Each structure stands twice: as structure tokens, then as C-alpha cells.
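Encoded as C-alpha cells, the structure appears first; notes follow it.
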Amino acid sequence: MTDTTHMPDWEKRFRAPRVGLPEWAEDAPDRSLFVSNATGTYELYAWDRATGEQRQVTDRPNGTTDGVLSPDGQWIWWFSDTDGDEFGVWMRQPFAGPAGADEAAVPGLAPAYSAGLALGRDGTAVVGSSTDTDGTTVHVVPPGGEPVEIYRHRESAGVGDLSHDGGLIVIEHTEHGDAMHAALRVVRPDGTTVAELDDTEGGTRELGLSVLGFAPAAGDTRLLVGHQRRGRWEPMVWDPVTGETSEPAIGLPGDVSAEWYPDGGALLVVHSHHARSELWRHDLADGTLTRVETPPGTVSGATARPDGSVEYLWSSAAEPPAVRSTRGGVVLDPPGPAAPGSLPVEDVWVDGPGGPVHALVQRPEGPGPFPAVFEVHGGPTWHDSDAFAAQPAAWLDHGFAVVRVNYRGSTGYGRAWTDALKHRVGLIELEDIAAVRAWAVESGVADPERLVLAGGSWGGYLTLLGLGTQPDAWALGIAAVPVADYVTAYADEMEALKALDRTLLGGTPEEVPERYRASSPLTYVDEVRAPVYVSAGVNDPRCPIRQVENYIEALERRGHPHEVYRYDAGHGSLVVEERIKQVALELGFALRHLGLEPPRP
């Protein structure tokens, strides 16, 4: 174990052992699967609650996080890719081990990007796959049999769920060409259609559906569905066999998701509003809504257990994450020292060109203005929340204020806010960031001469685009795994992201070249004035390395100050030492270029 006695707090937060929310087998609830970084790399772990035994399931150089338990708890399926490229095959091993006793779960299927997996009680598997040549396919694999293709389409799709008795399969698809708003098709295992649910019809393509799961009871064909019919995500119960639907009257603001309680008589409701979340129980028989008590902050995942208790992964910006239970106490307590806490967030609302913009602000102790980092979230359909994150805490430890903006495109503020970024992609988000930047300077929080624009993935993309389109606004830019050259990124990225780009920009680069040009950081590279730091994974299928190199070469031709770090993984790293190295490089770059001294340990 690493000696942390003289280690700075920011590094301790990354090294602290963490565990994810345990997934339990439906018919063997004492058997669970969870993710942990206990060895220094995020891997899958099996946990027998009856005996207390835990064992590491996977052990790969670049880590493993994608795993599923079979309903009977006998098998652990996990996705095996190559060095983080997300292109691979499903493997499996017995829950009881031994570790390393892996076999190809579906030998008849070629490597592909995963498009969902559902496992049946009789050993049947429903496997979704995606490739550049085939689009999306869905195969049914009977026990010991060969895979049978039941679905194929060029547009993105995925396996939603398999009913309790295995007689119904639900597929989320975007055959209508809008990758942000899915429709649902329920089919039998032979591929014949049972029912369709499509909220993109009727002259609009702005409503989507999501699969939340089939009812957990034999003979029950009800399907829990998320819908946006009232401008936000809400749950609905739909029976594809009878056609009956019912919409629980939950009446909470913001987005509402749900999952079934194990008896099928109630819903565990996850309510997300203004960057925080909470839990409720909704009884379907009488419509009663009862609060499930959780501390203020963010619930990153929750599950109802057969005894009626609820386990949930909770954190706040100030307090590290923990898996808790309504029975009381912490469910899983990983070995080793806990992560040091950080500072709480304050909520700021700023008038923006598209309406009020919500930002989360953390500032170090003492008088401002401070050097400030605008840390931009990825997605783009995601949002920053009052949740613990080691990277913002690292900036705070070094004397920076941290500002995180839930720009248009973010989730949790209604469908119109999420969908607003179409066609003027990147530019719309940066308008909201600029409005919050103006507030930060005018309020005395941020020093206008020491402003850093930073982010990863879509946040890295917005960083590079912002440096070129707002060159006077930023002193530095730090972009991790970014989109840097949109046209080349489209050519090289995985097929599902090509579909998303066609939706966001209204077509391919050949069909709407002016939109790709206007939204590409490479277009504005000659306008960049601030020093630039870029990190990229050489196996990244989402923001591929070739388009990053094109941007770096353009900076080099100008002789513009920049640094680049390439690492041997995909879209980020699951190895703790690698993450620490990357954060140290980013901090060093910022402190050096802003003329700041690093704090003493």
C-alpha cells in the first residue's frame, strides 16, 4: 500500500479506494458485482453477501468496468476490449470463480462496439453490437446455441431489456434519424414485432423515450419507460401486449427517473433538479409518494433490495462518495485511507442569451479575486452536480476558484434546454459560459488575467473552440481527449457518435459543411492566443487521435506555445497512477504559465 503520510490531499483523493453501487442478481440477491479501484486500477469484483467473501474478477492493464450478472447469479459477463478502444467481445466466468477462468461468452459473434446486453433466466442472451460496416445489430443467443440476428439498421440502436420470462425484448432505436430521441420496439425472440412506441411521430422529432426495465415478476409484461411529453423526463408504465399505459402522478420538478421495486408494486424514483438529486418511493396501487431519506447532495445510483431497503451511492462536493443503505450505515467500506473532503459548492444563476444559466462555484478561503478554472463538463447531454470530484478539489487545493456551468445542452433543466444546442453546436454552449465568466469577473470571484478554460471529452472540445472563438477571454486552455478537428473526428469515430453528430449538426460533413466548419476548433486555431495543453488517448474511439494531431500540427506551424501528452489508453484512463500523472501535468502547466508557485505539501 502506498504511504500517504506526506502526500498532498489532491493526490490522496485520487488514490483513496472507491467502490461503485453493487448490482445484485435478481434471483440470487446475495450475489453482487461491483467496481473498485482497490488495486490502483478500476476492475470488477464479486461479492457473496451471505459469506462476506469478495474477490477480484478481472485484472487487465487498462482496467474493466462493464460487467453484468446473470439473473441466477451463476455467471459474470464482462466486456473485453483492447487497451480502452471499446471494441471487443463479451467474456464470462463463474461467479464462484476462480478468477481468470474466463471463456468467450458468445464465440459466434465477431468483435464490435457494445450496444447493450440482456441475460435471461434460461441462459438466453440478447446481444447488441455496432460496427462501421453493419450499423447496429441485435442477436439472440440460446443456451449453447449459435447467435441468431433479429435486428439490423444503419442508425444507432441498443438492447433495452428482456422480460422476466424471456418472451419479450425491447430495443431502443433511432431509425427516424434523430440520435438524441429514441423510439421503442418490442419484439419476440424470433424478431417479430409485438408493439411500437414512438414519440418522434406526429410532425415532431423532439420527443424521446428510454427503457427503464420490464416488471420483475413472472407473467407481468409491463415495461417502465421514460418519456418527455411534458418537457422533461418522467416515468410511464406501458404494457406492449395490451397497449395500456399509465403515467404516475409524481408531481416533482426537474427530471424524474425510476426503477421497479422487486415486488413490482412500487417504483423507486430518482428525482434530479438543479444539480442535486433525491429518492422517493411511489406506490402504484394508491399513488402514495414517500420520501426515501438521503443527505443533501447527489445520488449517483440507487437500487431497491428484496427486503424493501434501498442502497444508494451518494456524495456531495464536500464529502466523498459512499454506498449507503436505508437500513443505516455504509454498505461497502473499501480498505485503506478515506479521501480527504473538499469545499462545498454555491449555486449561481446568471442571465444568459437562452435563459437563466446555472453554475456551481467553489472558491478557496480568503479574499478574491482568485485565479479561476472554468471546468466544462462533457456529454454534451450531461450536467455537473453537487457531487464529489477529485479534479475540481485539486484546483481548489492550489488556490483556484472552480466554476462549472450547466450550459444549454445539459440535462436536468428540461427538454428544451437540452435540445437547444442543435446546429450551432459548441457556439451555443460557449455563449452560456461567457455569461457566467462575465459574472465571475464582475462579482470579484475570478481574476480576469488568470482565467483557465478546461475540460475533458465534450468539455475538451468546448475548451479548444472557446480558445479560438473567445481568444481575449482566457489565459490558458487545458483540453483532455477533445474533439479538435470536427470533420476528421466524424470520419474516424465510432458509428454511434457519427449518428449523434448528424443529429446535432443536421447532416454529414458533406451535407452541411458550413456547420461543421463553424463548429470545429481547427477552423479558429490561428486565432488562439492562450497557451494550450492537450492530452489524448491513442486508442480513443470517441475523440480519435488523428484529428487531435491535426490540431497540434496547426499549432506547431504557428509556433504557438503548447504541450501535448499522449497516453496508451482510450477515452480516459481507469488506472489511478495514470490519472494522477495527467492531473499533475495539467496543474504544473497552469501554475507555470500563470506564474504561480505550487503550495507546499
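Quick caveat: nothing in here was measured; it's all calculated off a predicted structure.
- Under the 4.5 Å side-chain criterion, counting only non-hydrogen atoms from C-beta, Val441 is not in contact with Ser443.
- Atom OH in Tyr45 sits 8.0 Å away from atom OG1 in Thr58 (nearest 0.5 Å).
- In terms of heavy atoms, Ala183 sits closest to Leu209 at CA-CD1, 4.4 Å.
- For Arg305 and Trp24, the positive end sits near the middle of the six-membered ring, less than 6.0 Å away and at most 45° from its axis.
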For this session: Please assess Trp280 against Leu252 for the test side chain to side chain contact (heavy atoms under 4.5 Å, CB included), listing each intermediate value before the final yes or no.
Result: CA-CA 10 Å; Trp280 299 77; Leu252 297 171; 3.6 Å; yes
Which donor-acceptor pairs under 3.5 Å do the side chains of residues 317-339 make with protein atoms, sequence neighbours left out?
from: Ser325; atom 1: OG; to: Arg327; atom 2: N; distance (Å): 3.0
from: Thr326; atom 1: OG1; to: Val310; atom 2: N; distance (Å): 2.9
from: Arg327; atom 1: NH1; to: Ser309; atom 2: OG; distance (Å): 2.9

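- Taking CG of Leu289 as the start and CG of Asp283 as the end, the distance is 9.0 Å to the nearest 0.5 Å.
- A side-chain donor-acceptor contact under 3.5 Å links Trp417 to the backbone of Tyr407.
- The pair Arg229-Glu234 does not count as a salt bridge, with every side-chain nitrogen at least 4.0 angstrom from each carboxylate oxygen.
- For Arg222 and Asp239, the salt-bridge test fails: no basic side-chain N is under 4.0 Å from an acidic carboxylate O.
- The neighbour count for Glu365 CD, taken as heavy atoms of other residues, nucleotides or ligands under 6.0 Å away, does not exceed 12.
- Between Thr39 and Gln56, the closest side-chain pair of non-hydrogen atoms falls below 4.5 Å.
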For this session: Check the pair Trp233 / Arg415 against side chain to side chain contact (heavy atoms under 4.5 Å, CB included), numbers first and verdict last.
Result: CA-CA 8 Å; Trp233 283 108; Arg415 176 174 52 83; over 6 Å; no
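- Annotation: cation-pi pair Arg281/Tyr261 present, NZ/CZ under 6.0 Å from the ring centroid and within 45° of its normal.
- Side-chain contact annotation: His571 with Ser457, donor-acceptor N/O pair under 3.5 Å present.
- Electrostatic pairing of Asp397 and Lys12 does not count as a salt bridge here, judged by no charged N lying under 4.0 Å from a carboxylate O.
- Looking at Val376 and Leu453, their side chains come closer than 4.5 Å, going by heavy atoms from C-beta outward.
- Using cut-offs of 30° and 60° for the angle between ring planes, the Phe400 and Trp395 rings count as perpendicular.
- Counting heavy atoms from C-beta outward, Leu284 and Trp260 have side chains that approach closer than 4.5 Å.
- Taking the six-membered ring for Trp and the full ring otherwise, His164 and Phe214 have centroids separated by 6.0 Å or more.
- Going from atom CD of Glu11 over to atom CZ of Arg579 covers 12.5 Å, rounded to the nearest 0.5 Å.
- Of the possible polar contacts, none joining the His176 side chain to the Thr200 backbone as a donor-acceptor pair under 3.5 Å is found.
- Taking CG from Asp198 and CG from Leu184, the interatomic distance works out to 8.5 Å, rounded to the nearest 0.5 Å.
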For this session: Show your reasoning for whether side chain to side chain contact (heavy atoms under 4.5 Å, CB included) applies to Val186 and Trp238.
Result: CA-CA 11 Å; Val186 175; Trp238 172 48; 3.8 Å; yes
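- Between the Glu442 side chain and the Trp439 main chain, no donor and acceptor come within less than 3.5 Å of each other.
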Problem set entry | Test log, rule salt bridge (Lys or Arg N to Asp or Glu O under 4.0 Å), inputs Asp386 and Arg404 | CA-CA 10 Å; Asp386 182 8; Arg404 290 178 285 171; over 6 Å; no
Problem set entry | salt bridge (Lys or Arg N to Asp or Glu O under 4.0 Å) between Arg121 and Asp72, intermediate numbers included | CA-CA 7 Å; Arg121 284 167 169 76; Asp72 60 8; over 6 Å; no
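- Within the model, atoms CG of Leu168 and CG of Asp161 stand 10.0 Å from one another, a figure rounded to the nearest 0.5 Å.
- Here the closest heavy-atom approach between residue Ala25 and residue Leu69 is recorded as N-CD1, 3.7 Å.
- Counting only N and O atoms by type, the side chains of His383 and Thr411 include a donor and acceptor under 3.5 Å apart.
- At a threshold of 4.5 Å between non-hydrogen side-chain atoms, the residues Val256 and Val269 count as touching.
- Counted by atom type alone, Thr174 and Ser156 present one or more donor-acceptor pairs between their side chains at under 3.5 Å.
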For this session: Apply the test side chain to side chain contact (heavy atoms under 4.5 Å, CB included) to residues Leu119 and Glu26: give CA-CA distance (whole Å), side-chain angles for both, the deciding distance (0.1 Å), then the verdict.
Result: CA-CA 11 Å; Leu119 301 178; Glu26 293 179 33; over 6 Å; no
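- A heavy-atom distance below 4.5 Å is not found between the side chains of Asn37 and Thr41.
- Between Glu196 and Arg185, at least one side-chain N (NZ, or NE/NH1/NH2) sits under 4.0 Å from a carboxylate O, which counts as a salt bridge.
- In plain terms, the two heavy atoms of Ala393 and Ser342 that are nearest each other are CB-OG, 3.4 Å.
- Counting only distance, with no hydrogens or angles, the side chain of Glu172 and the backbone of Val159 share no donor-acceptor pair below 3.5 Å.
- Listed for the Thr51 side chain is a donor-acceptor partner under 3.5 Å among the backbone atoms of Glu53.
- Ring geometry for Tyr413 versus His274: interplanar angle under 30°, hence parallel rather than tilted (30 to 60°).
- In this structure, Ala446 and Ala372 approach most closely via the heavy-atom pair CB-CB, 3.7 Å.
- At distances below 3.5 Å, not a single donor-acceptor pair connects side-chain atoms of Asp48 with backbone N or O atoms of Arg31.
- Applying the side-chain contact (heavy atoms from CB on, under 4.5 Å) test between Arg408 and each of Thr418, Ile428, Asp419, Val357 identifies Ile428 as the sole match.
- Side chain of Glu259 to backbone of Ala304: a donor-acceptor contact under 3.5 angstrom is found.
- Here the closest heavy-atom approach between residue Ala275 and residue Asn406 is recorded as CB-ND2, 4.3 Å.
- Under the 4.5 Å side-chain criterion, counting only non-hydrogen atoms from C-beta, Trp314 is in contact with Pro295.
- Each of Leu207, Asp199, Thr245 was compared with His227 under the side-chain contact (heavy atoms from CB on, under 4.5 Å) criterion, and only Asp199 meets it.
- In this structure, the separation between CG on Leu33 and CZ on Phe95 is 8.0 Å, given to the nearest 0.5 Å.
- Between the side chains of Glu346 and Gln362, no donor-acceptor pair is found at a separation under 3.5 Å.
- Salt-bridge annotation for Asp432 and Arg437: absent, with no side-chain N of the basic residue lying under 4.0 Å from a carboxylate O of the acidic one.
- For Trp382 and His377, the gap between ring centers reaches or exceeds 6.0 Å.
- Heavy atoms only, all atoms of each residue included: Arg49 and Ser32 are closest at NE-OG, 2.8 Å.
- In this structure, Ser277 contributes its side chain and Ser272 its backbone to no donor-acceptor pair below 3.5 Å.
- In the model, Glu278 has no side-chain atom that pairs as donor or acceptor with a side-chain atom of Thr294 under 3.5 Å.
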For this session: Given salt bridge (Lys or Arg N to Asp or Glu O under 4.0 Å), test Asp255 with Arg232 step by step and report yes or no.
Result: CA-CA 6 Å; Asp255 285 340; Arg232 61 194 181 102; over 6 Å; no
